[in-house]
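The structure under discussion appears below in the form of structure tokens.
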Amino acid sequence: MPTSNKNRIAFLALLLILMFCFVLNISLGSINIPLKDTFIALLGGDLTDESYAYIIRNYRIPKALTAILVGSALSLSGLLMQTLFRNPLAGPFVLGISSGASLGAAILIMGASLIAGWFSISFVNDFSLAVAASLGGLLVLFAVMAVATRIKDTMALLIIGLMFGSITAAVVTVLSYFTSAEKLQLFIYWSFGSVGNLSWQQLGLLLAIILLGIVLSIFSIKSLNALLLGENYARSMGVPLKKARFLIILSTALLAGSVTAFAGPIAFIGLAVPHLSRQIFDTTNHKTLVPAVLVYGAILLLLCDTLAQLPGSAYILPINAVTSIIGAPIVIWLLLRKKKMIF
Amino acid sequence: MAAIVGINGIGKSTLLRTLGAVQPRISGDIRIHDKALESYSSTQLAEELSLVLTESVASKNLTVRELIGLGRQPYTNWIGTLSTKDQKIITNAIQRVGLENIASKKCYELSDGQLQKVMVARALAQDTAVMFLDEPTTHLDLFHKVQIIKLLRSIAHETGKTILYTTHEIELAIQLCDKMLIMEQGKSTFGAPCDLIEQKSFEALFPAETILFDPNTGSFRIQN
């Protein structure tokens with residue numbers, strides 16, 4: 001899809017880096033598996049060490065694939081939001097999806113016991129958390145979409161999304177205030193984000209939703225490019241504005257919503273990767289940017305996850321912290337170097 | 001080529017933006033080919049009329065050629081691939097407006113005058129029978145104002161397009177336009193500039209104690 005030769009080379013390089021990061025991510029962790037054994041296992045060969053094979057098959061590969069999906073999906077939804085709102089500060093969560101998901105998780109973890117004492121903590125597991133987070137995210141999203149069909153001004157929509165986010169965040173704060181330390185800790189662990197712990201089935205479901213989101217955004221490429229000139233110009237060039245806006249929001253909802261449900265609210269990637277991609281490819285054409293952010297986001301999250309595992313140690317850092325600690329300096333450095341924000 | 005003139009707040013832009021389906025109409029009805037404006041889908045409408053608005057483009061990180069290429073959107077496929085025919089039309093638009101030297105530059109590198117020409121070229125590439133421009137000469141110096149209006153005039157005369165624009169450069173419009181619409185409180189007059197001068201239509205545009213119209217030169221004079 002990229003047009004010029006320079007872009008083709010950049011893409012090839014990015015894909016190679018992606019593959020390298022994938023292997024690296026699988027090989028490093030609390031137990032470091034030699035790269036040679038990692039390759040053999042990935043290529044379907046038999047490993048002499050059964051425990052390595054077990055770790056790779058049931059833990060490392062799902063985790064690496066999740067990181068790829070999460071990174072790609074968050075970056076793409078960030079790009080969609082930045083173009084739709086023509087705002088470089090927009091990210092996948094501007095519409096309140098992440099706050100809604102947090103609310104869902106918070107109600108499940110902390111609220112249920114407040115409402116009914118018998119509702120025991122044993123209900124809280126990965127699956128119920130994903131369901132609660134999805135429901136919360138969807139609830140806020142439907143509210144925003146209902147408003148979106150009635151409101152003409154996209155900027156007002158941005159503010160409404162942020163307001164919904166504030167409301168849900170406030171409810172979460174109130175819940176946190178009244179809850180026990182033990183449950184608060186459980187909630188905070190969820191909000192750290194994690195790309196581990198996904199079963200192959202969950203991974204399949206996540207993949208299906210994200211693919212749908214990607215397809216929707218590919219169909220939106222034309223209107224996204226027109227939106228670069230502003231909404232009035234886009235409409236004058238034949239973009240059915242309401243439909244296009246709806247598709248873009250729906251796509252974001254699928255991408256960011258599913259990720260948040262399965263991996264928690266992972267910050268920063270969605271905001272930063274579109275900027276990094278624009279710097280590398282020096283274009284705002286979405287035909288280039290959409291594939292670029294997909295690959296770039298995957299690489300960045302794989303790297304962040306590799307670091308979060310603190311290779312060789314038994315500790316795991318919260319991925320949410322790592323994405324920001326790594327990502328923010330990169331963006332600052334790029335902006336300082338280029339002395340110009342490309343948008 | 002026709003110009004809409006009138007004092008600030010009289011509704012020039014409102015009229016133009018309503019005709020261009022940017023904003024909903026307040027009253028009355030608008031028809032293209034005897035069909036109501038509302039019955040056109042956005043793509044159909046985009047093949048009938050193109051716009052140059054006062055708002056600046058949201059992203060200036062497009063090359064001039066890319067931006068002009070966006071004008072082909074009503075005709076491209078679902079993903080916006082430009083065919084060889086589209087490319088030819090874009091090249092023609094670039095040549096017509098005289099942007100060959102800056103075609104591969106980014107829009108943020110351009111001056112206001114160049115950017116305005118790029119927007120005209122984009123509207124031209126959209127290949128519509130009607131082109132609306134909202135104050136295309138604001139923020140430009142006299143030379144560039146004349147350049148843009150002359151360009152529009154030659155486009156209108158050579159391609160047979162209808163070009164309608166709003167302006168405060170009444171003297172320029174009198175000299176270069178085929179028709180003018182004078183909007184005043186309660187009434188509007190439409191006609192060729194020389195007829196409008198004869199009918200003394202410009203005299204009432206501004207309060208006579210401040211600005212006086214000189215019918216011989218077709219220009220305004222400030223009263224001391």
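The sequence lines fix the lettering, A, B, ..., with proteins before strands; numbering per chain opens at 1. Values reported hereafter were calculated over all heavy atoms of this structure, with side chains retained and with hydrogens, waters and symmetry mates removed.
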State yes or no: are the ring centers of F206(B) and F220(B) separated by less than 6.0 Å?
-> yes

Quick one: what part of [X] sits under 4.5 Å from any heavy atom of chain A, side chain, backbone, both or neither?
| X | value |
| --- | --- |
| Q73(B) | both |
| T81(B) | both |
| E55(B) | both |
| R72(B) | neither |
| L45(B) | neither |

Per the side chain to side chain contact (heavy atoms under 4.5 Å, CB included) rule, which among Q175(B), K145(B), E135(B) passes with E169(B)?
->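 When side chain to side chain contact (heavy atoms under 4.5 Å, CB included) is applied between E169(B) and each of Q175(B), K145(B), E135(B), only K145(B) qualifies.
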
Selection from Y40(B), F132(B), W78(B) maximising heavy-atom pairs under 4.5 Å formed with chain A |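 Of the options given, most contacts go to W78(B).
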
Heavy-atom pairs under 4.5 Å with chain A, option from L49(B), L62(B), L53(B) with the top count = L53(B)

Y165(B) side chain reached by M1(B) side chain, heavy atoms, under 4.5 Å = yes

Under 4.5 Å between any side-chain heavy atoms of D86(B) and T76(B), yes or no?
-> yes

What are the two closest non-hydrogen atoms of L205(B) and G6(B), and how far apart are they?
->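 Looks like CD1-CA, 4.2 Å.
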
Evaluation steps, side-chain contact (heavy atoms from CB on, under 4.5 Å), between L300(A) and L276(A) | CA-CA 10 Å; L300(A) 202 62; L276(A) 298 175; 4.2 Å; yes

